Amino acid sequence: MAGLEELSREELIALVERLLESNAKLTERVKQLERQVSRNSANSSMPPSADDLPGRATPAAKPAKRADRKRGKQKGAPGSAMSWAVPDTTVPHRPSGNCGCGADLAFAEDLGVERSHQVHDLPEVRLTVWQHDVHRVRCACGTEHLGSLPDEVPDSPLSYGPNLRSLVVYLLVYQHVPVQRCVQLIADLTGGKGPSGGFVHGMLTRCARAVNEVVAVIRSLITMAHVAGFDETTLRVGPAGSRRRYVLSASTETATVYHLGGRDLDSFADAGILPGFAGIAVHDRYSNYFHSRWENLAGHQACVAHLLRDFADAAETYPDEHWPKQAQRALRGLIKAWHQAREKRLAEIDPRVSGPLITEFDNAVKVGISRVPRVPGPPSSTAQRPGRELLEFCRDRQGDVLRFNGDTRVWPTNNISERNLRPTKTQQKISGRLTSEDITQDRLNIRSYIDTARKQGVNVMTALRQAITGNPWQPALPPPI
């Protein structure tokens, strides 16, 4: 390239125009990259675990707790402290030795217990071997009869009992312990040799087969519910490079079911809830939930927690604007009013409380719409300014944003579903890529059974033992209307 002093005026103008165009592209690229690294769990749907990634902006510090709220257990919250119990074993502690007078205290008169101390502890774990001898007898008439084994005893000469088998499934599915560590843990606990890795892994299929009918009942109960939360998360399953799989969940306050599939409409249908669901669906605004294929849906409730994070993103993008914080303030006030109405068992939030907050939210959305204009162009290929699509959703679907105000049975957030899916990510972090889709679905079916039992106040080990012995726990049916 010739020196600048050798260029004509026209050539210099053309060069400057090219540089300005290139600079504009680079500036836009820098803005995009800065926006990407600014994503965190406070202003997007990213998990908190991603906040520590290199170069990632950490969430802003949360405001300090209210001064009137003390640390520790809150008034009315259930306690977990030990309580005095009927002892299984009582150990007397009498004085020993001789009295000052020389008499042996072993023969002193017992005046009663001065004080008692209870120690709550687990017994030492050891493997107990039960030998079941099947006897043959001969009647006086000469007819021979053979005894029979109980249902919980397999016909094989050597086997593990229901307690150990239940522990294996509990460790694998509920505590996410890998197979070989499960073998070692049981061996360490019992002071002997643990079961084989093949036996431990095989318990997943056996237990899943035992709870399949219960999972079908759970799916039916969720389908009949008035409100259910739906969520999905990625899971690495199958060989490396295979298509991405998703765990789809459907949850109520008393039941949960999981399905392994994709994020497409057919997978949503195969999960078995949405095609027949006639209640209110609480979700994260993913477009598939609004599809006309779900013709029985009574309505939607957009997760307000997601909305709050999106408005937090808008507040960071437009720091001089007041409408993002105004919308957040109104939504948080409505959530607080919802909790208060639920505590009082009210069917809806008092309009005198919700009315001003809804007006404040509506005004914030209107101002935002006027300050963030739409970029013209085809919707499928035109990227909109940050916050524009959020504002349009809140304007066009206000009923799906604020439905919880008129029906306190509807949750304002989908936190129940998100909490239910978190163990899936824990499993992935521990085990990495899961090799088999069938075994992964077995895990999810067992998890559906366990989570529903726990939600209904049933001890997990008891529910697993019942399933292992062929008499699985059944969820309570809703009262007739």
Side-chain angles (χ1 to χ4, degrees), residues 86-90 122-175 177 179-180 182-221 436 438-439 441-450 452-454 456-477:
V86 177
D88 298 296
T89 303
T90 301
L122 289 170
E124 182 181 358
V125 179
R126 60 181 299 271
L127 203 62
T128 303
V129 179
W130 300 78
Q131 180 169 312
H132 295 263
D133 293 329
V134 180
H135 285 260
R136 181 182 294 275
V137 298
R138 181 184 292 115
C139 179
C141 69
T143 304
E144 294 186 355
H145 300 269
L146 190 65
S148 59
L149 290 171
D151 293 338
E152 65 270 13
V153 179
D155 196 40
S156 56
L158 293 171
S159 63
Y160 289 108
N163 290 336
L164 190 143
R165 286 182 282 160
S166 301
L167 178 61
V168 164
V169 177
Y170 175 81
L171 293 173
L172 286 178
V173 177
Y174 200 72
Q175 298 299 341
V177 179
V179 171
Q180 292 304 319
C182 180
V183 171
Q184 188 61 53
L185 189 152
I186 293 175
D188 291 341
L189 281 176
T190 60
K193 183 179 179 182
S196 68
F199 170 83
V200 170
H201 199 269
M203 283 305 305
L204 290 172
T205 302
R206 299 180 201 176
C207 186
R209 190 181 301 122
V211 303
N212 275 343
E213 292 185 3
V214 180
V215 173
V217 173
I218 295 171
R219 191 174 288 110
S220 298
L221 292 176
S436 168
D438 291 336
I439 297 299
Q441 185 61 61
D442 287 343
R443 284 179 176 270
L444 295 175
N445 286 345
I446 298 170
R447 186 82 196 195
S448 301
Y449 175 78
I450 288 176
T452 303
R454 182 174 285 279
Q456 299 198 12
V458 177
N459 180 271
V460 171
M461 290 299 295
T462 300
L464 286 174
R465 192 179 302 110
Q466 290 176 308
I468 293 298
T469 55
N471 184 32
W473 165 84
Q474 296 288 336
L477 298 177

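These figures come from a predicted structure and were not determined experimentally.
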How long is the straight-line distance from CE of Met203 back to CG of Leu464, given to the nearest 0.5 Å? 9.0 Å
Got more than 12 heavy atoms from elsewhere within 6.0 Å of CD, Gln175? yes
Can you tell me how the ring of Tyr449 sits relative to the ring of Trp473, calling it parallel under 30°, perpendicular over 60° and tilted otherwise? perpendicular
So CD of Gln131 and CG of Leu158: to nearest 0.5 Å the spacing works out to 10.0 Å
Between Arg136 and Gly147, is there a donor-acceptor pair closer than 3.5 Å when you use the side chain of the first and the backbone of the second? no
Whether the Tyr174 and Arg454 side chains hold a donor-acceptor pair (N or O, under 3.5 Å, no angle test) is what I'd like checked. yes
Tell me the closest heavy-atom pair linking Leu221 and Ala476, and the distance in Å. CD1-O, 3.9 Å
Within this structure, what is the CD-OG distance for the pair Gln441 and Ser448, rounded to the nearest 0.5 Å? 7.5 Å
Under 3.5 Å, is there a donor-acceptor pair between the side chain of Arg165 and the main chain of Cys207? no
Heavy-atom nearest pair, Leu149 first then His132, reads CD2-CB, 3.8 Å
Any side-chain heavy-atom pair from Val134 and Ser148 closer than 4.5 angstrom? no
Can you tell me how far the CZ atom of Arg219 sits from the OG1 atom of Thr452, to the nearest 0.5 Å? 10.5 Å
Looking at every non-hydrogen atom in both residues, tell me the closest pair between Ile468 and Ser166 and how far apart they are. CG1-OG, 3.7 Å
Taking the side chain as every heavy atom from C-beta outward, state whether Asp442 and Ile439 have any pair of such atoms under 4.5 Å apart. yes
Could you give the distance from CZ (Arg465) to OG1 (Thr462), rounded to the nearest 0.5 Å? 5.0 Å
Rounded to the nearest 0.5 Å, how far does CG of Leu204 lie from CD1 of Ile446? 5.0 Å
So which heavy atom on Val215 is nearest to which on Asn445, and how close? CG2-O, 3.5 Å
Heavy atoms of Ala453 and Ala463 approach each other most closely as CB-CB, 4.0 Å
Taking the side chain as everything from C-beta on, heavy atoms only, tell me whether Val217 gets closer than 4.5 Å to Gln474. yes
Does Asp155 have more than 12 heavy atoms from other residues, nucleotides or ligands lying within 6.0 Å of its CG? no
Nearest non-hydrogen partners of Leu172 and Arg443, listed with the distance: O-NH1, 3.2 Å
